[in-house]
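Presented below is the structure to which this report refers.
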2 protein chains.
Amino acid sequence: MTTSRPGTGERPPGERGDLLDERCPTRQLLDRIGTKWTSMTVKVLAEETPGEVRFAELRRRIPGISQKMLSTTLQSLVRDGLATRRVESTVPPAVHYGLTELGLSLERPLAALRDWAETHMPEIDRNNQAADGSSAD
Amino acid sequence: MTTSRPGTGERPPGERGDLLDERCPTRQLLDRIGTKWTSMTVKVLAEETPGEVRFAELRRRIPGISQKMLSTTLQSLVRDGLATRRVESTVPPAVHYGLTELGLSLERPLAALRDWAETHMPEIDRNNQAADGSSAD
DNA sequence: CCGCATCCAGGAGGATACTG
DNA sequence: CAGTATCCTCCTGGATGCGG
């Protein structure tokens, strides 16, 4: 595979007769940021913007990510034009990643979502526990 | 299965040695709104708020969704406290769904994301096509 | 009308090992 | 150090059919 990205279905144009909004931009965006590591990667890159972060440094700052997923995620971001990739062709190669303007602009609504999450997820957790307890007990 | 929700992994506590922050609120939120139908369902419900929408009506307004997924998605929303469920115990039962305050509050950052998507997804699409064309040709 | 149960395919993503 | 390839597992979610 040469052009596959993690969360994207590569939908061929005109396969359906009606437009189902699977093409709707929001769905496409969620297919991207909904993948497990994308939003966190964007966040870490955003923290260093306008600076850059090396591959290994990213790995360190995203606990639990594998090289494969970090690599795949970064490829998606670069391909989407959300991140930049700069290779230093030294003997042990050093690759630096950064956010583009586009990527940085995505960080804003993403931060709003994060903010909502931090404010309200505890309540959602409590709601779930309440739902658990009321049928069981 | 009794308590499964679409996008949630229901991670048993202590199955891993050291949990990474899969527990971080943003991840949990994205696990929810990242599921295929959640955001659209919230959107449709939000459009009718403070009114309610019946099950069949929701199905009609979310093209392509199956009853199973609509049912599952709604259960998640209700369980999370984002939506309400009201049953009219008539002979053919009628079930009405609505958004809670919490659900409505989520709609705002979600709308911001939608706005970003509609503005910038075309650019992302172009970036992808450019990436396709440059290695081929 | 509403929803659940079952079956099933496809894809995300983790572990590991190997290249430049 | 940075990345690729392979294998494998689990989960999402689509199709269908039954039950209240």
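As the structure is a prediction and not an experimental result, all values here were calculated from the model. Chain letters run A, B, ... following the sequence lines, proteins first, then strands; residues in each count from 1.
The side chain of B:T35 lies closest to D:dG13 when the candidates are D:dG13, D:dA2, D:dG20. Of the candidate nucleotides D:dG14, C:dG14, C:dG3, D:dG14 has the atom lying nearest to any side-chain atom of B:M69. Residue A:F55 places its side chain closer to D:dG3 than to any other of C:dC1, D:dG3, D:dC1.
One finds a side-chain N or O of A:S71 lying less than 4.0 angstrom from the OP1 or OP2 phosphate oxygen of D:dT4. Remark: B:W37 is not in phosphate contact with D:dT12, judged by side-chain N or O atoms under 4.0 Å from OP1 or OP2. Contact between the side-chain N/O atoms of B:K36 and the OP1/OP2 oxygens of D:dG14 is found at a separation under 4.0 Å. Side-chain nitrogen and oxygen atoms of A:Q75 include at least one within less than 4.0 Å of the OP1 or OP2 phosphate oxygen of D:dT4. Residue A:Y97 places at least one side-chain N or O under 4.0 Å from the OP1 or OP2 atom of D:dG3.
Sorted by first and then second residue, the ring pair (Phe, Tyr, Trp, His ring centres under 6.0 Å) pairs involving residues 41-80 of chain A (not counting sequence neighbours) form an empty list. Annotation: salt bridge (Lys or Arg N to Asp or Glu O under 4.0 Å) contacts involving residues 51-61 of chain B, sequence neighbours excluded, comprise B:E47-B:R61, B:E48-B:R61, B:E52-B:R86, B:E57-B:R60, B:E57-B:R61. For residues 102-121 of chain B, every residue pair satisfying the ring pair (Phe, Tyr, Trp, His ring centres under 6.0 Å) rule, not counting sequence neighbours, is listed here: B:W116-B:H120.
Computed from coordinates, the B:R27 CZ to C:dA12 C1' distance equals 12 Å when rounded to whole Å. Distance, B:D31 CG to D:dT12 P: 8 Å, rounded to whole Å. In this structure, B:R54 places its CZ atom 7 Å from C1' of C:dC1, rounding to the nearest Å. Rounded to a whole Å, the NE2 atom of A:H96 is 15 Å from the C1' atom of D:dG3. Between the P atom of C:dG14 and the CZ atom of A:R59 lies a distance of 12 Å, rounded to the nearest Å. The separation between A:I62 atom CD1 and C:dG14 atom P is 12 Å, rounded to whole Å. Here C:dG14 presents its P atom at 8 Å from CD1 of A:I65, a figure rounded to the nearest Å. One can place CD of B:Q67 at 11 Å from P of D:dG14, the figure rounded to the nearest angstrom.
The two residues B:L30 and A:I33 make their nearest non-hydrogen contact at CD1-O, 3.7 Å.
At a threshold of 4.5 Å between non-hydrogen side-chain atoms, the residues B:T26 and A:L110 do not count as touching.
When atom types are taken as modelled, the side chain of B:T38 and the backbone of B:G34 share no donor-acceptor pair closer than 3.5 angstrom. Under the 3.5 Å distance criterion, the side-chain polar atoms of B:S105 are matched with a main-chain donor or acceptor of B:L102. Without hydrogens or angle criteria, A:T100 side chain to A:L82 main chain gives a donor-acceptor distance under 3.5 Å.
Scanning for side-chain contact (heavy atoms from CB on, under 4.5 Å) contacts around B:R85 gives B:V78, B:V87, B:V95, B:Y97, with sequence neighbours left out. Evaluation of the salt bridge (Lys or Arg N to Asp or Glu O under 4.0 Å) rule for B:R114 yields B:E107 as partners, not counting sequence neighbours.
When the C1' atoms of four end pairs are superposed on the next four at each end of the helix from C:dC1-D:dG20 to C:dG20-D:dC1, using five pairs per end, the two resulting axes differ in direction by 40°, to 10°.
For the segment residues 43-52 of chain A, the set of residues with a heavy atom within less than 4.0 Å of an atom of DNA chain D is empty.
Mapping A:K68 and A:R85 onto DNA chain D by nearest heavy atom places A:R85 at the nucleotide closer to the 5' end. Toward the 5' end of DNA chain C, the nearer of the two residues A:P92 and A:G34, judged by each one's closest nucleotide, is A:G34.
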